[in-house]
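These notes concern the structure reproduced below.
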Amino acid sequence: MHDHFNGRRIRHYHQETGVECADIPNLDWICTAISALSLPTRELPLDALNTLNARIATVPSGRRRALLHARDDVLFYLKSVCEWQLPEKKEADYEDRAMQWMLSILKHSHSAGQLHTLYTQQRQTFTQERWHDIGWVLLVMNLDVAPLPLSYWVKVLSEPSSIAFFEGQFTLKVPHPKPIAVYDSPEHPSFTRYPLSLFAYRVLSDFYRSLSSDSVSLSTQYLCQQLNRWCEHAPYYLPSQGVAQWHQTFLCVWHYRDNVPAPLLRDLSDPMRHVATLSSIRTATPPLADSNLFFQPPNAGQKQNIDPAQPCASTRLIWPHTQLIKYYRGKRAQKPSPPHYLEGNLLPWLFYTRTLSLFEDGGVQKDRLPAASIERYTNFYKRLSPLSLQEALSPDSLHAWGHEQFKRLNGTSNTIHLYTFLQHMAHQALTDHLDLSQFEKPTLPALVDPCRLQVGQIHQTIDTLLNCAKGDPLQRLFASVAVLLGFYGALRRGEVLRLRLCDIAPCTVDEQRFDLHITTTDEGGPKGGKHRLVHAYFCAPSAKLLRILLKLKDQCPPDVPLLGWLNERYSQREQRYLYPVTQVLKAHFGKGVRFHHLRHSGADLLLMQGLHLAHQCPNRYLDDGVCDHDTRVMLSQEVCEARFYFWIEGNPFDWFNDGALLDIIGKELGHTYYATTRKHYVHGMERILPLLRSPSLTTDRAMLRYLLDIPVGSNDVARVLETLDPEYALLEPLEKKQYQPALRDAQLLSRLLNASSLEASQSSCSQRAKKAGSQGACTQPPLSTHEPNAFYHLWAKGVPSTFNDTSLGRFRLLNRHTLANSKVAPFDFSRLSQQWHALNHLSHLQLTKEDKKALTLLGPVRVTLSHNTPATVVLSWTCRCNKKTQSAYQRLFHEGPFQRCPATLTLHQNRKTLKSGKFELVEAAFKRASDRLLREIIDPGDTKLVIMLTTPILAQGLIAPMSDYFSSRIDSN
């Protein structure tokens with residue numbers, strides 16, 4: 001976590017954008033003064049600003065004016081790069097700086113217009129002559145790809161591996177000078193992506209092929225000289241310019257040519273404002289070993305009472321990761337098995353998983369790590385305070401625990417190891433809500449955790465959840481709705497869990513629209529206390545699933561949570577409904593995917609819908625997209641208008657101020673500033689840039705020959721046209737000669753991939769691209785469009801038809817009888833909740849083989865009503881009082897499913913056997929502390945024991961099903 005907060009870096013940042021900046025010594029003075037404030041967060045309070053100003057005021061000489069200028073430069077850097085929140089009066093200065101930056105660009109309007117016009121003409125000449133010149137390559141890259149500072153082009157032009165085929169199109173990988181991606185490693189360095197048009201791809205590929213070992217070493221000044229040399233002659237005759245002036249000229253071209261607004265222009269020109277996503281794992285079906293674990297609760301062990309104020313060294317804990325290190329060192333013969341985690345302290349389990357991952361996967365820079373290094377990375381475990389399960393499941397408590405640990409290790413070298421340990425925790429299913437940005441140094445650029453799932457992948461996740469054999473029907477429904485709210489509503493995990501019935505307002509006109517009120521409840525509030533109204537728009541099958549859930553709970557009090565049973569705790573709902581979602585996401589798309597990435601993906605879709613609406617992209621343009629079929633449906637003009645209906649209300653978008661669009665999107669996400677949305681939720685530029693520019697069309701044969709690497713003047717282009725353009729094949733010979741093609745890049749892509757290949761360093765990428773080209777320029781086959789009732793039918797298919805589960809030997813409360821709604825037996829969610837909670841006391845009657853054997857020994861079960869109001873279920877047995885009955889009772893009532901319910905034991909004893917000791921046996925071996933023991937003396941008849949178990953289960957509708965269930969358990973044995 002090396003600090004790059006210094007004057008040299010800040011001055012370099014300003015120089016790249018062409019803005020004047022203070023001298024490095026004065027910048028360093030301000031950096032030192034701000035670091036001395038020891039601010040814990042990315043915020044400069046007003047009192048801290050006053051302290052800084054007071055220190056500057058102590059400087060007696062005229063240097064004070066220079067320091068004030070340096071202060072503004074440093075604060076601008078902290079605001080733009082490190083995402084600091086400044087006092088209100090300095091926020092206004094930041095807006096002034098942005099306006100000055102835009103004015104510096106507009107000063108180049110004349111030269112930009114001349115450059116654009118003449119460049120367009122020279123492109124036509126180039127397709128005939130096909131020259132090779134680095135000055136021409138720079139023009140093409142800056143005018144066709146992105147207007148980047150020349151320092152970035154130095155790295156790109158030196159690395160042929162910068163071209164990559166990603167999600168159905170050629171892209172340009174632009175590395176970051178300072179890593180800001182959490183995945184940064186030697187194998188996957190931090191970078192962002194820009195789309196490459198086919199023309200730019202051909203020009204850059206030809207340039208890479210022309211590189212030789214004795215090529216001139218590239219530098220920023222050298223590239224500037226080549227630009228000046230190329231443009232000072234015909235046809236441009238432009239005067240020489242500096243590095244910053246060329247950058248501003250290119251920005252001016254993009255601003256006027258493509259109507260790119262100032263915020264997007266800044267995003268476009270600065271790669272450090274975006275982080276690219278990596279190729280995710282896309283398995284159609286997760287491994288069987290993973291699917292069997294879905295909807296299974298975490299592997300919890302015994303709860304221990306541990307004092308959280310004491311470090312772990314003062315408690316008697318078993319640390320399995322130390323035994324694992326001994327095994328890899330050869331000091332232990334057998335590898336220790338994965339431990340159960342303790343509810344009182346998760347650290348032993350977390351350190352074991354962390355240590356195992358280091359041994360199996362290696363570190364960030366090395367594939368294999370020695371045991372001594374891993375021991376050094378984890379040797380601080382005894383200095384940490386315990387972390388209970390309850391603390392881990394609460395985001396606020398977990399972050400407070402993390403800050404407390406940094407205070408414990410303050411001043412030691414273990415703080416960096418603690419940070420990497422927190423990184424490991426952020427990718428565990430139980431603690432993946434950990435926000436690492438709260439533990440990063442405020443003066444460093446915030447790290448970005450990029451991930452973007454498309455609509456088809458979200459639907460794939462829902463399919464897996466609803467098709468899973470594990471979990472009950474409502475658990476699968478709650479988990480699926482949690483995915484939909486996280487994606488279509490772009491909600492945080494806490495916001496999903498706290499969402500109440502009164503916070504959801506379905507639209508009466510459009511069944512796919514919902515208004516979600518994100519506010520503070522008894523269980524907590526949104527991040528930063530910012531309440532908001534989200535106008536979510538679901539796809540048809542997803543909206544149907546949400547409305548089914550609302551229908552099931554429509555008789556519940558309005559302040560109960562949407563997800564879960566009545567009176568179900570927050571931590572229980574998180575384990576039962578969000579933990580399975582995390583399991584499925586990791587199984588499908590990789591271990592780095594978290595529940596929070598659903599919000600990232602929903603925010604990306606929202607921005608794309610807004611840009612589609614603003615740029616009036618025709619539906620035909622979606623055929624050129626790089627997204628899957630379901631995503632293209634959600635980006636259609638009709639859906640985009642419906643998504644923003646809350647703003648435009650059915651009116652044409654041209655009637656509204658499009659400059660407010662980004663603020664509207666940020667408000668939907670709960671962001672005060674668009675900068676937060678842009679950097680942390682919009683990943684890469686490969687899908688945004690095509691929306692800002694008109695689709696690239698090949699309208700002449702010379703360009704077509706160049707793109708497909710056909711010799712100049714060759715008639716072979718006619719044969720190519722017949723395969724690419726159906727209209728051309730139907731024309732007469734004379735008409736064919738006069739025909740001018742209008743082909744999009746997507747139409748040429750498949751042909752180009754088959755006609756050429758990338759460099760040897762890109763061979764694997766080319767193979768993936770060829771495969772994608774055969775599938776219509778998409779990295780995966782388009783998913784079929786879901787029918788409006790598809791998810792509902794899938795969920796209904798998984799609802800069992802009977803109470804009795806013969807395969808697993810359990811009592812299924814949730815089935816087609818209890819979930820049905822009719823005039824005879826109206827659906828009552830409150831009653832069903834009580835029965836579900838009550839059955840939980842009996843382990844939901846999921847009997848093991850030993851339980852069923854013991855139940856047979858006790859004999860037939862009689863299921864009756866209690867005399868309480870309302871009536872509950874009573875289970876009774878009449879059996880002999882002997883050793884077999886004793887062992888069966890201890891199995892079921894002391895250890896098994898009935899251990900949490902009190903029983904009444906009545907010994908019917910013959911008067912002649914009062915001295916047999918039966919009563920004493922029942923009192924000593926049968927009776928529990930909660931049981932009631934009675935004795936009834938009878939004249940005739942054998943001694944018998946009557947066991948009456950009073951359960952808290954409401955009896956309505958369950959007497960006959962439970963009788964059948966217990967009868968089948970005894971008959972099966």
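The analysis underlying the following values was restricted to heavy atoms, covering all of them including side chains, and did not include hydrogens, waters or symmetry mates.
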Checklist line | Short N-O contact, K527 and D435, less than 4.0 angstrom | finding: yes
Note to self: Could you walk me through whether K679 and D267 satisfy the salt bridge (charged side-chain N to carboxylate O under 4.0 Å, His left out) test, starting with their C-alpha distance in whole Å, then the side-chain angles of each, then the deciding distance to 0.1 Å, before giving a yes or no?
What the structure shows: CA-CA 9 Å; K679 186 168 184 179; D267 297 345; over 6 Å; no
Check: Side chain of D270, backbone of R266: donor and acceptor closer than 3.5 Å?
Finding: no
Notebook entry, point to check: Aromatic rings F126 and W131: how do their planes relate, parallel, tilted or perpendicular, breaks at 30° and 60°?
Noted result: perpendicular
Notebook entry, point to check: Got a donor-acceptor contact below 3.5 angstrom from the E83 side chain to the A675 backbone?
Noted result: no
Margin query: salt bridge (charged side-chain N to carboxylate O under 4.0 Å, His left out) for K90 and D72? Distances and angles first, verdict last.
Written below: CA-CA 9 Å; K90 298 308 295 181; D72 292 340; 2.9 Å; yes
Margin query: Donor-acceptor pair, distance only, cut-off 3.5 Å: does the side chain of D73 make one with the backbone of C21?
Written below: no
Note to self: Does the structure place the NZ or CZ of R193 under 6.0 Å from the centre of the six-membered ring of F166, at an angle of no more than 45° from the ring's axis?
What the structure shows: yes
Next item on the list: Determine the interplanar angle of the H14 and F76 rings, folded into 0 to 90°, and report it as parallel if under 30°, tilted if 30 to 60°, perpendicular if over 60°.
Entry: tilted
Margin query: Whether E167 and R452 form a salt bridge (side-chain N of Lys/Arg under 4.0 Å from carboxylate O of Asp/Glu) is what I want to check.
Written below: yes
Check: OG1 of T443 to CG of L78: how many Å apart, nearest 0.5 Å?
Finding: 7.5 Å
Check: Does a side chain donor of either H683 or H274 reach within less than 3.5 Å of an acceptor in the other side chain?
Finding: no
Notebook entry, point to check: When the ring planes of F165 and F170 are compared, do they come out parallel, tilted or perpendicular, using 30° and 60° as the limits?
Noted result: perpendicular
Next item on the list: Check the angle between the aromatic planes of Y681 and H600 and answer parallel, tilted or perpendicular using the 30° and 60° thresholds.
Entry: tilted
Item checked: From CG (L453) to NE2 (H597), nearest 0.5 Å -> 8.5 Å
Margin query: Taking side-chain hydrogen bond (donor to acceptor under 3.5 Å, both in side chains) as the criterion, tell me which of Q248, Q245, H247 meets it with H108.
Written below: Q248
Check: Just how far is it from atom NE2 of H671 to atom OG1 of T677, taken to the nearest 0.5 Å?
Finding: 4.5 Å
Check: Between D745 (side chain) and L198 (backbone), is there a donor-acceptor pair under 3.5 Å?
Finding: yes
Notebook entry, point to check: Which residue pairs satisfy the side-chain hydrogen bond (donor to acceptor under 3.5 Å, both in side chains) criterion with at least one member in residues 137-157, sequence neighbours excluded?
Noted result: E16-S151, Y119-D144, R123-D144, N142-W153
Note to self: Walk me through whether R42 and E440 qualify under salt bridge (charged side-chain N to carboxylate O under 4.0 Å, His left out).
What the structure shows: CA-CA 9 Å; R42 300 177 187 274; E440 297 166 358; 3.2 Å; yes
Checklist line | Quiz item: cation-pi between R55 and W29, 6.0 Å / 45° | finding: yes
Check: Side chains of N53 and R71: is there a donor and an acceptor less than 3.5 Å apart?
Finding: yes
Checklist line | Test side chain to side chain contact (heavy atoms under 4.5 Å, CB included) applied to T249 and L227, L115, I105, the passing residue | finding: L115
Next item on the list: For the pair T171 (side chain) and A164 (backbone), establish whether a donor and an acceptor sit closer than 3.5 Å, ignoring hydrogens and angles.
Entry: yes
Checklist line | Gap separating the CG atom of L635 from the CE atom of M608, nearest 0.5 angstrom | finding: 6.0 Å
Next item on the list: List the steps, then state whether salt bridge (charged side-chain N to carboxylate O under 4.0 Å, His left out) holds for D133 with R229.
Entry: CA-CA 11 Å; D133 190 282; R229 176 190 56 79; 2.7 Å; yes
Note to self: Please check: side-chain N/O of Y256 versus main-chain N/O of L251, any donor-acceptor pairing under 3.5 Å?
What the structure shows: no
Next item on the list: Please check if the distance between the ring centroids of F250 and W246 is under 6.0 Å.
Entry: yes
Next item on the list: Let me know which of E638, E668, H535, H612 forms a side-chain hydrogen bond (donor to acceptor under 3.5 Å, both in side chains) with R643.
Entry: E668
Margin query: Taking CZ in R65 as the centre, count heavy atoms belonging to other residues, nucleotides or ligands within less than 6.0 Å. Is the count above 12?
Written below: no
Which pairs of donor and acceptor atoms, one on a side chain in residues 645-654, lie under 3.5 Å apart (sequence neighbours left out)?
residue, atom, partner, partner atom, Å
N651, ND2, I648, O, 3.0

Next item on the list: Give a yes or no answer on whether the side chain of Q15 reaches the backbone of A244 with a donor-acceptor pair at less than 3.5 Å.
Entry: no
